[in-house]
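Report on the structure given below.
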Amino acid sequence: MDRVVMGRLRRDPATPVQFVAGADSICAPCPHRRGQGCASAERIAGLDQAHGAALGIAPGAAMTWAQAEARARRLDPDDLDRICAACQWLPLGLCKSALAALKAAESENAAPDGTAS
């Protein structure tokens, strides 16, 4: 995931992304991947559905990474307690920290009148 997100998407926010129902390039190294699916498919499908609903993104939707990040910035880090309740990573706080940092970066880049600089 780090290779895809940090190495490609953050480097070029104009990168087009398509949201899929099933395994994708981020899932490639996961030991639970089974072809185009996952050994934890039921749990993952529930998480994907919750994320899609929270972000207003349906399977098949396409946008740039920057547009996807803008949708994520609308969330509060504490929203993840509800959206990601079934995720094994939630207790580690990594996603909450990443979302808080994303929102902080947006605030730092905002002009005094509240518009992006």
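Just so it is clear, the model here is predicted, and its values are computed rather than measured.
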- prompt: In terms of heavy-atom contacts, does CD of Glu42 have more than 12 from other residues, nucleotides or ligands at under 6.0 Å?
  reply: no
message: Is there a path of hydrophobic side-chain contacts, each under 4.5 Å between heavy atoms of I/L/V/M/F/W/Y residues, joining Leu47 to Leu90?
response: no
- prompt: In terms of hydrophobic clusters joined by side-chain contacts under 4.5 Å, are Leu9 and Leu75 together?
  reply: yes
What is the distance from atom [atom1] of [X] to atom [atom2] of [Y], rounded to the nearest 0.5 Å?
{"X": "Asp79", "Y": "Lys96", "atom1": "CG", "atom2": "NZ", "answer": "9.5 Å"}
{"X": "Cys87", "Y": "Asp81", "atom1": "SG", "atom2": "CG", "answer": "11.5 Å"}
{"X": "Asp48", "Y": "Ile57", "atom1": "CG", "atom2": "CD1", "answer": "11.0 Å"}
{"X": "Asp78", "Y": "Leu99", "atom1": "CG", "atom2": "CG", "answer": "9.5 Å"}

Heavy-atom closest pair, residues [X] and [Y]:
{"X": "Ile83", "Y": "Ala50", "value": "O-CB, 3.5 Å"}
{"X": "Glu69", "Y": "Leu102", "value": "OE2-CD1, 3.7 Å"}
{"X": "Thr64", "Y": "Ala14", "value": "CG2-O, 3.7 Å"}
{"X": "Arg73", "Y": "Lys103", "value": "O-NZ, 2.5 Å"}
{"X": "His51", "Y": "Cys84", "value": "NE2-SG, 3.2 Å"}
{"X": "Phe19", "Y": "Ala68", "value": "CZ-CB, 3.9 Å"}

statement: For Arg34, the side-chain contact (heavy atoms from CB on, under 4.5 Å) test, sequence neighbours excluded, returns Ala39
- prompt: Heavy-atom distance under 4.5 Å between the side chains of Gln67 and Pro13, does that happen here?
  reply: no
